[in-house]
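Notes for the one structure printed next.
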Amino acid sequence: MQLLLIHSDYIEFEAQRPTKMAEEVGEDARSGRLEEALTAFIAVEKFDQDDPEAVVARAAEEIADVALKVKADRIMLYPYAHLSSELSDPDTAITVLKGLQESLSTDFQVVKAPFGWYKAFKLSCKGHPLSELSRSIRMGGGEVVSKALKSEEKAVSYWRILAPGGERMVPVEEFDFADHKKLDKFARYEIEKSRAVDKVPPHVELMRRLELVDYEPGSDSGNMRFYPKGRLIKGLLESYVLDRASDLGAMEVETPIMYDMDHPTLKNYLDRFPARQYTIDAEKKHLFLRFAACFGQFLMASEMVMSYRNLPLKIFEITRYSFRREQRGELVGIRRLRAFTMPDMHTLCLDMNSAVEEFREQYQASISVLKEAGLDLDDYEVAIRFTKDFYESNKEFVEGLVDIVEKPVLIEMWDERFFYFVLKFEFNFVDALDKASALSTVQIDVENAERYGITYVDASGEKQLPILLHCSPSGAIERLMYALLEKGAMDTASGKVPMFPVWLSPTQLRIIPIAERHQPRAMELVHLLPFRVDVDDRDETVGKKIRDAGREWIPYVAVIGDEELESGEMTVTIRAESQPSKPKKVRMSVEDLSSRIEGETRGKPWRRLPLNERLTLRPRFV
RNA sequence: GCCUCGGUAGCUCAGCCGGCCAGAGCGAGUGACUUGUAAUCACUAGGUCGCGUGUUCGAAUCACGCCCGGGGCUCCA
């Protein structure tokens with residue numbers, strides 16, 4: 001027996017006309033409707049004829065089990081021949097269906113749709129993980145109960161480790177991870193999905209304590225509020241990634257955040273991912289919120305006139321926001337969100353050679369972007385995934401990618417292509433609780449040019465399909481902030497002083513006047529220095545002010561007292577060179593400090609301090 | 001979506017086997033101190049005990065429902 005179980009908001013059917021094997025039913029049984037029901041589509045098969053009673057018992061058990069799990073009180077038994085190609089004879093089918101109805105009726109309200117009729121039906125599927133299940137029931141011989149949440153069969157994955165030089169493509173279980181603890185954690189996370197966490201990840205406390213980001217109970221889960229300092233950091237990162245994309249030759253565009261679900265191109269793309277997006281009903285349209293920038297950019301590209309001379313061509317957008325209705329259990333802090341900011345660049349390439357070339361360039365650009373944002377190669381692990389075919393014809397290229405990072409990477413190879421891409425890489429951050437999440441990624445897409453009708457004209461005047469690259473040089477901006485916070489927490493745990501890169505620090509220099517009479521000089525310095533400088537003018541002790549500046553991760557803290565008034569110099573605590581309870585203090589001229597900060601922030605975006613420069617005039621957000 | 005834990009002052013939390021005036025620390029306000037590198041002292045204000053319904057003479061405390069958050073499961077183009 002084949003079962004397809006759908007937890008539905010409602011199911012209704014109406015028998016249209018009988019086939020020659022139709023069972024006799026009265027007028028009132030020819031239509032029906034159930035609310036909040038588990039719908040069981042059922043195909044009774046040849047094998048079931050041997051022992052119909054056992055099949056009924058077993059199937060009733062399965063159905064009841066699922067109904068209890070999803071808390072459905074009602075069950076719709078719906079004969080559905082199309083689930084199997086080896087159907088039983090009609091008599092057995094009717095016997096089994098009636099048996100099921102009887103057996104389940106003790107605990108549930110059961111409705112059975114008539115067997116052998118052409119029926120029209122309407123069904124609304126709930127879309128949670130247990131809402132769509134299929135079961136195969138085979139009695140006797142091998143009692144196999146297969147379970148699939150997705151109808152598409154998954155291709156086989158091979159997991160390998162590819163190290164620079166030396167031995168190539170070692171099966172994961174044979175690789176010696178002794179010097180690669182984080183890669184080990186990442187590989188286990190990817191392959192086994194192993195998790196054993198009972199703590200709140202440390203970035204959650206930090207994002208609030210540093211007054212960056214917070215939950216917004218008035219919205220949906222995973223939609224955050226950003227306080228001024230958080231908005232500053234986020235805005236700087238956004239500007240930076242845009243600058244870097246522009247350096248690569250990308251053109252910034254802006255596309256809508258919502259799309260028509262019934263648009264023919266989008267529809268077939270969407271059908272593969274039901275219930276993952278936010279939907280909006282407006283007038284006559286059924287809209288969904290984008291979960292990436294692909295739609296808008298591909299629709300735009302499909303109407304552009306391009307020749308081979310224009311390629312490779314890059315289009316870039318920072319989606320504020322992309323929306324994915326991730327499951328609530330997955331949402332913690334800002335690691336994964338339902339509304340997130342995604343830099344998304346698409347490159348149209350002439351052919352695979354050009355695509356591979358671009359891929360390498362974007363791979364290197366991604367490494368550089370993360371580095372400037374504060375994440376080194378040590379801070380994340382590399383995964384490269386490809387189809388077997390791609391690997392066979394591009395071995396040296398793939399090995400070259402590994403040599404660039406000079407450390408072993410996790411490889412996933414598929415027998416056959418079952419996504420839209422043939423090659424992708426991701427940089428995965430492994431956090432303080434050993435959870436992995438993807439940051440930068442690039443994919444070579446061989447499917448969507450055709451789906452969206454994107455073409456260019458080649459030298460001989462023929463239309464050609466380009467190869468598409470999807471690239472997010474940094475990954476979601478919020479996730480980058482999460483990684484920086486988690487890195488800070490790990491630094492703290494290992495006895496280091498955490499900090500953001502100077503260009504990202506909300507306050508770059510804090511000035512602490514010792515007594516009130518030093519405040520005028522402090523304010524003077526604020527306006528003299530072209531950085532984000534503020535003054536702790538609170539009526540507190542110097543010790544307290546130093547401590548608070550440290551808790552804010554401020555990279556430079558200058559104390560101004562009588563000595564400094566006299567000499568014109570400053571006593572600066574340099575966070576980057578300090579150790580816990582061992583602050584590094586240096587006497588510096590204003591010019592020296594200025595040129596030092598200037599050197600550390602050169603070439604990066606800048607925004608002014610988003611708060612009042614006097615601490616006493618600032619509100620608290622958290 | 002399911003299971004589980006939690007929601008008390010702006011923040012962190014105590015109280016919670018029904019009944020003492022609902023508390024502490026931090027933060028905020030006021031005053032004193034004018035300070036030299038990781039928490040100065042005193043005073044004051046601040047609470048629909050997440051929301052709703054019920055049980056009870058009486059509910060922060062018990063029950064049920066809902067909302068929000070943490071963890072697990074499931075899932076993750």
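What you are looking at is a predicted structure, and each value in this text was computed from that prediction instead of being measured.
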As a test of reading the structure: which of [options] is closest to the side chain of [X], going by heavy atoms?
X        : options                : result
A/Val559 : B/rU35, B/rU40, B/rU37 : B/rU37
A/Lys544 : B/rG36, B/rG27, B/rU34 : B/rG27
A/Arg547 : B/rA38, B/rA77, B/rC11 : B/rA38
A/Asp539 : B/rC33, B/rU37, B/rU34 : B/rC33
A/Tyr215 : B/rG36, B/rA38, B/rG69 : B/rG69

Are the aromatic ring centres of A/Phe323 and A/Phe340 under 6.0 angstrom apart?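 A/Phe323 vs A/Phe340: aromatic centres not under 6.0 Å.
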Can you tell me the pairing partner of B/rC66 across any strand shown, Watson-Crick or G-U wobble, with both distances under 3.5 angstrom?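 Pair assignment: B/rC66 / B/rG50.
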So, under a plain 3.5 Å distance rule, would you say the side chain of A/Arg336 forms a donor-acceptor pair with the base of B/rC76?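 For A/Arg336, whose side chain was compared with the base of B/rC76, there is a donor-acceptor pair (under 3.5 Å).
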Quick one: label [X] by what it contacts on the DNA or RNA (base, sugar-phosphate, nothing), any heavy atom closer than 4.0 Å.
X        : answer
A/Gly550 : nothing
A/Arg517 : sugar-phosphate
A/Lys545 : nothing
A/Phe621 : nothing

C1' spacing across the pair B/rC3 / B/rU74, given as an integer number of angstrom: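 Pairwise C1' distance, B/rC3 against B/rU74, rounds to 11 Å.
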Does [N] have OP1 or OP2 sitting under 4.0 Å from an N or O in the side chain of [X]?
X        : N      : result
A/Ser221 : B/rG69 : yes
A/Arg324 : B/rC75 : no
A/Arg325 : B/rC75 : no

Using a strict cut-off of less than 4.0 Å between a Lys/Arg side-chain nitrogen and an Asp/Glu carboxylate oxygen, indicate whether A/Glu478 and A/Arg335 qualify as a salt bridge.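 No, this pair does not count.
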Could you tell me if A/Ser472 and A/Thr441 have a donor-acceptor pair between their side chains, going purely by distance under 3.5 Å? no
